[in-house]
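The structure appears right after this line, and notes come after that.
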Amino acid sequence: MVILQNALNLRLFLNEKTTLIIMIKKEALLFAVIGYPIAHSLSPKMHNPALRELGINGRYMPMEIKPDNFEKVFSEIDKMPLRGFNVTVPFKERIIPFMQELSPEAKIIGAVNTVSISEKIKGYNTDADGFYRSLQEDLNFSAKGKKIVLLGAGGAARACIYALAEKGAAQISILNRTAAKAEALAAEFSVHFSASRITAHALKKDELETVIKDADLVVNTTSVGLKESDSLLVETALFELNRPAVYDLIYNPAQTKLLESAKKAGCKIANGKNMLLFQGAKALEIWTGKEAPVETMRQALFSE
Ligand code: ATR
């Protein structure tokens, strides 16, 4: 239960047994990250110092909603005492029917990670922006005219493909364990981005070899690498064919087997921690209209 001082007393029904009673000062702005599970989210750690730094009287808190209760809770979204919130796994797609408006990138990506509640309830996707800003900062990479190998065809892949195609990538080769999903994704994004050649492949060694040979960048959007027992997706010998830059969206562990393998081959590498930072910074800018204090957020996020 979250209780802030005096004035507004708002009730939020999370499920049959739990009522969240929030008392906030009338002028305080409330933000949240909504997901399941949510306890380990790093977002409050970077957003609360950022709100303080901007001089905003507000709080950012984790809100766990059980998947079974999601639709019930969000049918009352207009009564929620929130100025804005982030949405994470597993609700980024399920939140869409509750939006009154969608930003262009959220529409194409088909997922919302940031919601702003003002005159309208509007959904955005700041993952794409966060990913691209991290590519630029961490790998000094610009997508225009480049050839990219993208591993995975799930929700995270959609945000990355959007960012890369929107910035003018020449070729995006999508490789996925389930090849049919890569094919559907390639077909869908080719309609929106006809200037990029977007192709689909099975995630197999011979296919990898063909596309890595002339790739400028390899991006892992799969969940492979989260667990110590996970297999290695790309062997060092394959990276050595061309030494592309390698980006892994996974940041815990900080260096996955994939990044280790790429590093051994002499590739430039980066993990997704700054993607988390920059998607948060962009969300804060949407909510407040102010430039996000990125350095404060970075320090908070990277502190133990
Ligand atoms: P997210 O929203 O994080 O992208 P997702 O939509 O569940 O999560 O997608 C997970 C991605 O990781 C998919 O591309 C999935 O491949 P499939 O489409 O074949 O399921 C990929 N993935 C998960 N486990 C994998 C494994 N053991 N080997 C290869 N790919 C895997």
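For the numbers below, each heavy atom of this structure counts, side chains included, while hydrogens, waters and symmetry mates do not. Both ligands and their constituent atoms are indexed starting at 1 by order of listing.
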Discussion item. Please verify the inter-ring angle class for Phe193 with Phe189; under 30° counts as parallel, over 60° as perpendicular, anything in between as tilted.
Written reply: parallel
Item to complete: Cation-pi check, Lys264 to Phe239: give yes when NZ or CZ is under 6.0 Å from the six-membered ring centre and within 45° of the ring axis, no otherwise.
Response: no
Fill in: Residues which pass salt bridge (charged side-chain N to carboxylate O under 4.0 Å, His left out) with Glu137, listed by chain and number, not counting sequence neighbours
Arg298
Discussion item. With a 4.0 Å heavy-atom cut-off, what residues sit around ligand 1?
Written reply: Gly152, Ala153, Gly154, Gly155, Ala156, Asn176, Arg177, Thr178, Lys181, Thr222, Ser223, Val224
Fill in: side-chain hydrogen bond (donor to acceptor under 3.5 Å, both in side chains) partners of Ser43, counting only residues at least two apart
none
Discussion item. Could you tell me if Tyr60 and Asn86 have a donor-acceptor pair between their side chains, going purely by distance under 3.5 Å?
Written reply: yes
Response to the item:
Residue set satisfying ring-ring contact (aromatic ring centres under 6.0 Å, His included) with Tyr251, at least two apart, ordered chain then number -> none
